[in-house]
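The structure displayed is predicted, hence computed values, not measured ones. A note on names: the letters A, B, ... follow the listed sequences, proteins ahead of strands, and every chain is numbered from 1.
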Amino acid sequence: MVEDGSPLERERRAKVERIRTAGGEPYPWSFPGRVATSEVVVRAKALSPGTHSEGGELLAVAGRLRTTRTHGKTSFLDVEDLAGGLQLFLRVDELGEEGYARALSVVDPGDLIGARGVPLQTRRGEPSLLVSELVLLAKAIHPPPEKFHGLQDPEERIRRRYVDLLSSPETRQRFVARSLLVRELRAFLDSEGFLEFETASLVPTASGAAAEPFRTHSNYLNGPLQLRISLELPLKRLLVGGLERVYEIGHVFRNEDLDSIHSPEFSELEVYWAYADYHDMRALTERMYERLARRIAELLPDSPAAREAPTRFRPPFATVDFVSELEQRSGITDLLHKSREELRALARAAGARVPDESPAGKFLDKLFEHYVEPTLDRPTFVLDYPELTTPLAKRHRSRPGLVERFELFSQGLELGNAYTELNDPDEQEARFRAQLQGSGDDHYAYDGDFVEALRFGMPPATGFGIGIDRLMMALTGIASIKDVILFLPVRPRPG
RNA sequence: GGGCCCGUAGCUCAGUCGGUAGAGCAGGCGGCUCUUAACCGCAAGGUCAGGGGUUCGAAUCCCCUCGGGCCCGCCA
């Protein structure tokens with residue numbers, strides 16, 4: 001922020017200079033032999049209060065200094081690492097008058113420090129390290145946020161996520177949990193025989209969903225490119241190529257507003273499975289959520305929502321039929337034979353604000369959103385959507401006017417969308433063209449090369465997609481997507 | 001894109017009726033050999049987001065700009 005610095009920063013810079021003039025190094029290269037603070041805590045807990053281990057080897061810990069409590073010739077320093085934290089006990093008796101004074105004069109809260117010593121349990125039973133050597137590992141010029149309240153300003157927490165992370169163990173644990181949850185997801189899919197692939201983010205035409213793309217320019221092609229809005233069509237090309245069971249976890253980009261459940265850049269999982277249909281995918285989805293729910297409960301034992309997840313996501317999940325559920329909840333009859341104008345009037349009557357020229361499927365979506373989605377609290381599969389709503393799914397094998405599709409809902413969030421995939425090239429081409437009849441941006445971009453791919457033969461298959469961010473939100477009960485994405489798009493700071 | 005709200009010390013927050021800026025933490029100096037949001041004393045720390053206006057006088061009232069939050073609309 002301020003380059004010449006606040007008085008506090010000038011003070012800390014002056015300390016750096018004092019260390020250097022005394023022949024010390026404020027930013028040393030390494031700190032060998034370090035163990036996690038949790039290891040010292042375990043050993044200290046084995047002692048009785050008021051004692052320390054005798055004659056054993058020295059243990060080394062390192063981390064960020066959070067608070068200091070000095071009592072003249074005795075001091076307590078709380079150091080924090082990813083494993084938790086530990087109280088350091090400094091005493092003139094161990095360090096000598098000069099060493100004790102030097103150690104304390106050099107370090108401030110927020111600094112990265114290392115300490116060597118032996119495990120000790122204080123008289124009050126606090127696991128500690130009786131320090132015989134304290135070293136500065138990296139000086140913090142900026143002071144850390146207030147030690148009790150931490151960083152509260154939501155703007156600063158997003159703009160400077162590193163400050164949020166360094167000052168908040170809860171934030172760190174949340175993102176560690178996300179990382180390990182995604183690891184579990186990969187382990188599950190791998191164990192089911194799926195292969196992970198990475199497809200291109202830069203594409204000639206973003207398709208596979210109805211969304212506004214980001215547009216950019218390639219110097220190499222001397223022409224326009226777009227950022228992908230979906231993983232669907234590239235992964236289906238892999239099925240054409242014979243890869244049978246594939247998935248991708250990657251960022252997709254939609255040029256739209258950010259709110260509590262949407263971000264312009266987000267993580268998506270898509271899974272495609274040859275020679276299987278959407279019933280198979282429904283069973284796989286249940287197994288996946290069952291396993292992830294068990295894992296999140298282990299990862300975040302302090303979160304009530306995470307602890308409750310294994311109960312909530314215990315199979316079998318409820319199922320409802322899209323059309324009959326909507327007819328029942330709304331009192332509308334013979335839904336599939338309504339004209340576009342009738343559907344528009346019904347959607348309007350339900351309070352939906354949709355442009356007049358929207359395709360008929362849009363009005364059906366709105367009706368479902370209004371009458372049914374709020375009733376879906378427990379995990380529920382919604383089955384068999386009207387064809388109008390879904391251009392990439394295969395028509396239902398026995399129910400005219402419907403496609404083989406399910407969505408999974410829980411707590412008002414959409415937790416998955418799956419189809420038996422359309423693999424008839426002529427029908428796919430016709431559906432793309434029908435989309436183009438709709439006005440506005442509310443359609444799927446035509447992807448002629450994908451139709452060409454289908455002409456080489458794509459096996460019957462099923463596919464599934466879910467936003468990783470929402471998956472994390474649903475399993476942990478976190479209400480805002482801003483709390484599960486590390487770095488969000490922000491405006492440049494003024495000035 | 002529309003509506004409502006917010007921006008005061010590095011951080012967390014007060015600031016009454018418009019009368020010229022306060023506390024805690026962090027930092028400095030001093031004290032304290034078992035504290036844990038340690039404690040006690042002293043001193044220091046401000047472009048009240050930025051610009052303009054009203055007024056004898058603006059953190060406070062009005063307008064504009066910037067940044068952000070929440071709700072609504074759109075996408076998952």
Under 4.0 Å, counting only non-hydrogen atoms across every strand here, what does A:D469 touch: a base, just sugar-phosphate, or nothing?
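Result for A:D469 = nothing.
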Answer yes when [X] and [Y] have at least one side-chain N-carboxylate O distance shorter than 4.0 Å, and no when they do not.
X      : Y      : value
A:K394 : A:E421 : no
A:E156 : A:R159 : no
A:R178 : A:D469 : yes

Please state whether the phosphate of B:rG68, meaning OP1 or OP2, lies under 4.0 angstrom from any side-chain nitrogen or oxygen of A:R491.
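Yes, such a contact exists.
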Is there a side-chain contact between A:K366 and the phosphate of B:rC74, meaning an N or O under 4.0 Å from OP1 or OP2?
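Checking B:rC74 against A:K366, a side-chain N or O does come within under 4.0 Å of OP1 or OP2.
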Is a donor-acceptor contact shorter than 3.5 angstrom present between the side chain of A:D153 and the base of B:rU12?
no
Using atom P of each nucleotide, how far apart are B:rU8 and B:rG46 to the nearest Å?
16 Å
Looking at A:K15, is its backbone amide N or carbonyl O close enough to the side chain of A:K139 to form a donor-acceptor pair, meaning the two atoms are under 3.5 Å apart?
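Looks like no, no N/O pair under 3.5 Å.
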Any idea which of B:rG68, B:rC74, B:rC70 is nearest the A:K482 side chain?
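Taking heavy atoms from C-beta onward, the closest nucleotide is B:rC70.
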Where protein sits on nucleotides 34-46 of chain B, one letter per nucleotide: B base, S sugar-phosphate only, - none, heavy atoms under 4.0 Å
BBBBB------S-
Could you tell me if A:R405 sits above the aromatic ring of A:Y419, with its cationic atom closer than 6.0 Å to the ring centre and no more than 45 degrees from the axis?
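Verdict for A:Y419: no cation-pi partner in A:R405.
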Quick one about A:S75 and A:Y100 (side-chain donor to acceptor, distance below 3.5 Å, no hydrogens or angles considered), yes or no?
yes
In Watson-Crick or G-U wobble terms, with both distances under 3.5 Å, the base opposite B:rG7 is B:rC66
